[in-house]
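What follows is a set of notes on a single structure, which appears directly below.
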Amino acid sequence: MAVSGGGDSMALLSFLHSWCITRQIELCAVSVDHGIRKESLDECRRVGEFASELDVSHQILTSDGARLTGNLQDAARRLRYTLISDWARTTGLGFVALAHTRDDQAETFLLNLARGSGIDGLAAMPVVVHKFGVCWLRPFLQVGRSELRDYLRGQGIRWIDDPSNEDERFDRVKARRLLEELGPLGVSGARLAATAERMQEARAVLEHVASIAESDLATLDELGETRFGREFWNLQKETRLRLAAAAIGRVAGSVYRPRIVSLCAGLDSVRSGKAFTLSGCLLVPGHNSGFGVVRELASCGPPVPGNRVWDGRWRLCSKRPPPGSVIGPLGKGGLQECKDWRTTERMRESLIASPALRLEGGLLSAPFARNANGWKFRRVANKVVEAPLLPPV
């Protein structure tokens, strides 16, 4: 589980310790030192001392803060997910518990409301979600922050108050203050959290509708490209957006979905017969008013050694690559060397971004362009296993 040292996570550590003992489950704790404040490392060590009292193993993951750019709190959150998921996979843990509370649920609702989000942005955080190859659990989403602090006081457990939680430069702190002001109107954290849960139920219905439409209308190729026929344009806008966002995420293997404004612009462009670049993908006009979603060549990763994963998506899965060989995009020149590529019926744009094996600049294999020469590529799983089909605003 992830423990920052704040009241929510310290309460979760205490609860989970007792819960795991009765079920003979091993509990491990991890803290992240972002390197933003000089006190943060000492705070992580204090968490370690409490974990040691409970006989729970504890590890500190560190960063020098250099990776944090733009929105500081959002960048720190993304860094935490990256570091903790890497730690969990390396340690062999399939589950990581987070201490998000009902108050976090309400604050997130307000923040997304201010951004003009639709149903997906206003939907409640799920109790269970799979991403980055890890199953994340949020057992405290029905519990208020004040309740957890009452518990800690009763148990004599100390916690750390992060000063950034009082810094009104951050939007989340502003949302917290606004909730306090809205209390007399009956707009409480509990009510907003309940509304977010209803939004989550509505989102589930919309995703189900989109899933049925995708199975009926979309053609998915093993290379990753997705094609839609002209019937796509007869769907409701909400469903079209979900299908397109899901296709882009699948093709690019991206953790984050494109923004809805950009996605609408892309669909408008491809419907008028013009290709559009979006989130590492190309939306390409197809036959009979349809279109395809393929990987964009310019967004592909650089070549890697033949025994590595290329572009976060492709790995050789047949015979071993020769020493010194590399995997990279086939490219336009490579495609010209594959005389039978047209028989694949795949889009040219898709093939030039497909994986190819080379040695000293010479093409050894391009399986998806009918030039395999005994090698095969296997697509590795996307980092996101579950994600809403509709992107944020």
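If you read the sequence from its start, that first residue is 1, and numbering goes on from there.
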So for atom CD, which belongs to E180, do other residues, nucleotides or ligands contribute more than 12 heavy atoms lying within a distance under 6.0 Å?
yes

For the pair S365 (side chain) and A372 (backbone), establish whether a donor and an acceptor sit closer than 3.5 Å, ignoring hydrogens and angles.
yes

Is it true that V143 and V128 fall in one hydrophobic cluster, defined by side-chain heavy atoms closer than 4.5 Å?
no

Are the side chain of R138 and the backbone N or O of P126 linked by a donor-acceptor pair below 3.5 Å?
yes

Do Q142 and E147 have side-chain N/O donor and acceptor atoms under 3.5 Å apart?
no

Please check if the number of heavy atoms outside R191 that lie under 6.0 Å from its CZ is greater than 12.
no

Taking every heavy atom of S279 against every heavy atom of A252, the minimum-distance pair comes out as O-CB, 3.6 Å

Which atom of C264 lies closest to which atom of K237, heavy atoms considered:
SG-CE, 3.9 Å

Checking R78 now: which residues fulfil side-chain contact (heavy atoms from CB on, under 4.5 Å) with it, not counting sequence neighbours?
D74, Y256

Rounded to the nearest 0.5 Å, what separation is found between the CG atom of L79 and the CZ atom of R77?
11.0 Å

side-chain hydrogen bond (donor to acceptor under 3.5 Å, both in side chains) for R172 and T108? Distances and angles first, verdict last.
CA-CA 8 Å; R172 184 165 290 275; T108 300; 3.1 Å; yes

Stepwise, does the side-chain hydrogen bond (donor to acceptor under 3.5 Å, both in side chains) test hold for S40 with H34?
CA-CA 8 Å; S40 58; H34 297 96; over 6 Å; no

E39 atom CD, over 12 foreign heavy atoms within 6.0 Å:
yes

Partner of E107 under salt bridge (charged side-chain N to carboxylate O under 4.0 Å, His left out), chosen from R177, R176, K174, R102:
R176

Any residue meeting salt bridge (charged side-chain N to carboxylate O under 4.0 Å, His left out) with D104, in chain and number order, not counting sequence neighbours
R145

Distance col, row L278:CG vs I248:CD1, nearest 0.5 angstrom, shows 4.5 Å

Calculate, to the nearest 0.5 Å, the distance between atoms NE2 and CG belonging to H58 and L13 respectively.
8.5 Å

Any donor-acceptor N/O pair, T91 side chain to A88 backbone, under 3.5 Å:
no

D8 vs R149 side-chain heavy atoms within contact, under 4.5 Å:
yes

On a heavy-atom basis, which atom in T101 and which in L141 lie closest, and how many Å separate them?
O-CD2, 3.9 Å

Side chain of R313, backbone of V251: donor and acceptor closer than 3.5 Å?
yes

Would you say H17's side chain and L54's backbone share a donor-acceptor pair under 3.5 angstrom?
yes

Could you tell me if the side chain of M1 sits less than 4.5 Å from the side chain of V56, heavy atoms only?
no

For A218, check side-chain contact (heavy atoms from CB on, under 4.5 Å) against everything at least two apart and list the hits.
E214, L220, T226, F228

Student check: side-chain heavy atoms of N371 and N373 closer than 4.5 Å:
yes

Flag the pair R348 / K332 as yes when at least one side-chain heavy-atom distance between them is below 4.5 Å, and no otherwise.
yes

Using modelled atom types only, decide if a donor and an acceptor are shared between the side chain of S9 and the backbone of G5 within a distance under 3.5 Å.
yes

To the nearest 0.5 Å, atom CZ of R203 lies from atom CD1 of I119 at 10.0 Å

Is there a path of hydrophobic side-chain contacts, each under 4.5 Å between heavy atoms of I/L/V/M/F/W/Y residues, joining F140 to I157?
yes

Heavy-atom donor-acceptor pair, T239 side chain to A210 backbone, under 3.5 Å:
no

Taking atom CZ as the centre, does R23 end up with more than 12 heavy-atom neighbours from other residues, nucleotides or ligands that are less than 6.0 angstrom away?
yes

For N288, side-chain contact (heavy atoms from CB on, under 4.5 Å) partners two or more places apart
R230

Is there a side-chain contact between L267 and L283, using heavy atoms and a 4.5 Å cut-off?
yes

Judged by atom type as modelled, is there a donor-acceptor pair below 3.5 Å linking the side chain of S269 to the main-chain atoms of K274?
yes

My understanding is that only residues two or more places apart in sequence, or in another chain, count here; which of them pass salt bridge (charged side-chain N to carboxylate O under 4.0 Å, His left out) with D150?
R153

Among the clusters formed by ILVMFWY side chains lying less than 4.5 Å apart, do L243 and I212 turn up in the same one?
no

Which label fits Y81 and W136: parallel for a plane angle under 30°, tilted from 30 to 60°, or perpendicular past 60°?
perpendicular

Might you point out which heavy atoms bring V96 and A2 nearest each other, and give the distance in Å?
CG1-N, 4.3 Å

All heavy atoms of C28 vs all of L93, minimum pair found to be CB-CD1, 4.2 Å

Distance col, row R45:CZ vs S52:OG, nearest 0.5 angstrom, shows 14.5 Å

Any donor-acceptor pair under 3.5 Å from R295 side chain to G280 backbone:
yes

From L122 atom CG to R115 atom CZ, the distance as rounded to the nearest 0.5 Å
11.0 Å

Could you tell me if the ring centre of F50 sits under 6.0 Å from that of W159?
no

Is there a continuous path of hydrophobic side-chain contacts, each under 4.5 Å between heavy atoms, that joins F276 to L241?
yes

Carefully, step by step, assess E207 and S211 under the rule side-chain contact (heavy atoms from CB on, under 4.5 Å).
CA-CA 6 Å; E207 288 185 353; S211 178; over 6 Å; no

Salt bridge or not for R242 and D120, using N-O below 4.0 Å?
yes

Side chains of L179 and L192: closer than 4.5 Å at any heavy-atom pair?
yes

Linked, directly or transitively: W87 and L98 (ILVMFWY side chains, under 4.5 Å)
yes

Close side-chain approach of P139 to L12, heavy-atom, < 4.5 Å
yes

Heavy-atom closest pair, residues S318 and G374:
OG-O, 3.5 Å

Apart from L330 itself, its cluster of hydrophobic side chains linked below 4.5 Å comprises L223, L297, V304, W310, W314, L316, I327, L335, W341, L351, I352, L357, L359, L363, L364, F368, W375, F377

Min side-chain heavy-atom separation M10-S14 under 4.5 Å:
no

Under 3.5 Å donor-acceptor, Q105 side chain and M125 backbone:
yes

